[in-house]
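Each chain gets a letter, A, B and so on, in the order its sequence line appears, and its residues count up from 1.
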Protein chains: 2
Amino acid sequence: MKVHFLHKPDIKNLVNFIKEHIYDSVIILLSRCSVIYDGRAKSTLNEGDRIIMIKPDGSLLIHKNKKREPVNWQPSGSSISYKIENKQFIIRSIRKKPREVLEIIVYEVYHACAFKCEDYEELNLTGSEGDMVDMIFKNPKLIEEGFKPLSKEYQIPTGIIDILGKDENNNWVILELKRRRADLQSVSQLKRYVEYFKSKYGEKRVRGILVAPSLTTGALNLLKSENLEFKKLTPPKKDQTLSKKLNKKHNTINKIAILDEWL
Amino acid sequence: MKVHFLHKPDIKNLVNFIKEHIYDSVIILLSRCSVIYDGRAKSTLNEGDRIIMIKPDGSLLIHKNKKREPVNWQPSGSSISYKIENKQFIIRSIRKKPREVLEIIVYEVYHACAFKCEDYEELNLTGSEGDMVDMIFKNPKLIEEGFKPLSKEYQIPTGIIDILGKDENNNWVILELKRRRADLQSVSQLKRYVEYFKSKYGEKRVRGILVAPSLTTGALNLLKSENLEFKKLTPPKKDQTLSKKLNKKHNTINKIAILDEWL
DNA sequence: GCCTAGGTCCCGTCC
DNA sequence: GGACGGGGCCTAGGC
């Protein structure tokens, strides 16, 4: 069975339910709870309705009714325990390194589900910085005529250079790539790499180019004053399609046809 | 009613269910689906079991059975629509700025819940950078004897200085605060501010201090070579307790007492 | 384990 | 709306 659920469970059934499904299914509790966290920081959250999600890998999310971000959480690798204390149901998640403890005081569970979430597919994403790197190596003159990329992720003491190359006059060229609008931080990053290279090879023989679809105003000003360069380039999106071994069997959804329009 | 749910719904009931609860409740679908996203980047995700969460503020999350992060998402402010197309149930979320479209092809819904998630409490968090700022303003000699903080979040063309002050010799002192171990980026940030101030007030009259609980090795090396300083300081955690207007009424959970030990 | 940097980062805040 | 930087950032990839 893919899904088990309890509606308005009492504590005994809830405990058994969690015991049975934890580390095997994703458990979701629609609950009224409060939360205490202590670790890298420390927080409290008073009583309210929230969604608790516990995944088999130990990650834990507590969601409010707004925002993409969980209000409290624990990353994967954390370990779950739970008990009754002073007549309250408490879920505790502990992360070892760094030491972080999250406690959920659960006052009421309106609904609980456990989902044996079988997923063998990974996200296929394009338009990231890596795609820019590939594009530049395949077609270096996107940067400029005569540019020769030499290595990617080139490590120096002050960081990791996205692309290191040479121009047609044999100057070192350091590229810092950004998939989105570059900001002050991006310029500082490029400058850090360029300064190390200049200290090694001399002022005149090192250039730094920020490669991005656009620049913030502050970044542009700083770039100019530091004699760094900008090359406008947008990360490429490769063509993608969903594999079409799909929609074959037991699509319980396809039972009734409705108007083919957005609701 | 706090929670409505459907178990193994057919499409007609599912559509009505969503129509009824969207923008009012958090909707959770335990489903088999695939996902297409196109916006700042572009992605596909082939068929598999996932948890879909749609919040009243328009945020949308698609979770796999692992990790804290959703595999696909849309932030709050996005708008939801849905339809049947080629006998498939499709949920579409559109974000206006930047333009981003997310489409979920839903093959099967094992379980659906709608949760009228009432929450009037906000997270109360301590141990953040702001707490360090407060601490330093209250007790400036935590930085050094004679330090006088003058302003916080002081804006200059190359960014925003956490704390600007003067030392006992009337030198400008620029503090860059980090609540956690400071890295290369932190040093570059501080350097960027210091260089602007030096260009304005002269080399000898500006100091830069990185204030953090610790430093990465690379950051330490860079800091030294740039003649910047480090002051070890850990963000303070204020005392906090949950407000105790709690555990009064209708705690359906407290029906059976179990052993008071962690399970 | 530490270090480094990317991210569809999200998010708040201030201009 | 752009800009800037924090975050309990998370996560991946090297070493």
How would you label the contact of B:Pro75 with the nucleic acid (heavy atoms, under 4.0 Å): base, sugar-phosphate, or nothing? sugar-phosphate
Taking only the side-chain heavy atoms of B:Arg179 (C-beta and beyond), determine which of C:dT4, D:dG7, D:dG14 contains the nearest atom. D:dG7
Check every atom of C:dG7, D:dG8, C:dA5 against the side chain of A:Ala41 and return the nucleotide holding the closest atom. D:dG8
Counting only heavy atoms from other residues, nucleotides and ligands, does the tally under 6.0 Å from NZ of B:Lys152 exceed 12? yes
Would you say C:dT8 has OP1 or OP2 under 4.0 Å from some side-chain N or O of B:Trp73? no
Determine whether the side chains of A:Gln189 and A:Lys178 contain a donor N or O and an acceptor N or O closer than 3.5 Å. yes
Counting just side-chain N and O atoms, does A:Arg40 come under 4.0 Å of either OP1 or OP2 of D:dC9? yes
Ranking A:Arg68 and A:Glu129 by the position along DNA chain C of their nearest nucleotide, the one closer to 5' is A:Glu129
What is the nucleic acid contact for B:Arg180, judged by heavy atoms within less than 4.0 Å: base, sugar-phosphate only, or nothing? base
Counting any heavy atom closer than 4.0 Å, what does B:Arg192 reach on the DNA or RNA strands: base, sugar-phosphate only, or nothing? sugar-phosphate
Check A:Arg179 with A:Glu129, please: is the shortest side-chain N to carboxylate O separation under 4.0 Å? no
Give a yes/no on whether any side-chain N or O of B:Arg181 is located under 4.0 angstrom from OP1 or OP2 of C:dC3. yes
Is there, by distance only and without an angle test, a donor paired with an acceptor across the side chain of A:Glu100 and the base of D:dG8 below 3.5 Å? yes
For residues B:Ser34 and B:Tyr107, is any side-chain donor paired with an opposing acceptor at under 3.5 Å? yes
Given C:dC2, is OP1 or OP2 found less than 4.0 Å from the side-chain N or O atoms of A:Lys97? yes
Would the base of C:dG7 count as contacting B:Glu69 through its side chain, where contact means a donor and an acceptor less than 3.5 Å apart? no
D:dG8 phosphate, OP1 or OP2, under 4.0 Å from A:Ser43 side-chain N/O: no
Please work out if A:Lys42 contacts a base, only the sugar-phosphate, or nothing of the nucleic acid, heavy-atom cut-off 4.0 Å. nothing
Both A:Tyr193 and B:Gln155 contact DNA chain C. Taking the nearest nucleotide for each, which residue is further toward the 5' end? A:Tyr193
Distance between the P atoms of C:dT8 and D:dC4, in whole angstroms? 22 Å
Same-atom distance (P) from D:dG8 to C:dA5, integer angstrom: 22 Å
Applying the 3.5 Å cut-off to both distances, the Watson-Crick or G-U partner of C:dC2 turns out to be D:dG14
C:dT8 - base-pair partner by Watson-Crick or wobble geometry, distances under 3.5 Å: none
Give a yes or no on whether a donor-acceptor pair under 3.5 Å exists between the nucleobase atoms of C:dT8, that is its base, and the side chain of B:Asn72. yes
Residue-phosphate contact under 4.0 Å: B:Gln189 side-chain N/O, D:dC4 OP1/OP2: no
Residue whose closest nucleotide on DNA chain D lies nearer the 5' end, B:Leu125 versus B:Lys67: B:Leu125
Which is more 5' along DNA chain D, the nucleotide nearest B:Leu123 or the one nearest A:Glu153? Just name the residue. B:Leu123
For D:dG2, take OP1 and OP2 only and decide whether either is under 4.0 Å from a side-chain N or O of A:Thr216. no
Has B:Lys66 got more than 12 heavy atoms of other residues, nucleotides or ligands less than 6.0 Å from its NZ? no
Contact class for A:Tyr154 vs. all strands (heavy atom < 4.0 Å): base, sugar-phosphate, or nothing? nothing
Pick base, sugar-phosphate or nothing for B:Gly39, based on heavy-atom distances below 4.0 Å to the nucleic acid. nothing
With a sphere of 6.0 Å drawn around CD of B:Gln240, does it hold more than 12 non-hydrogen atoms of other residues, nucleotides or ligands? yes
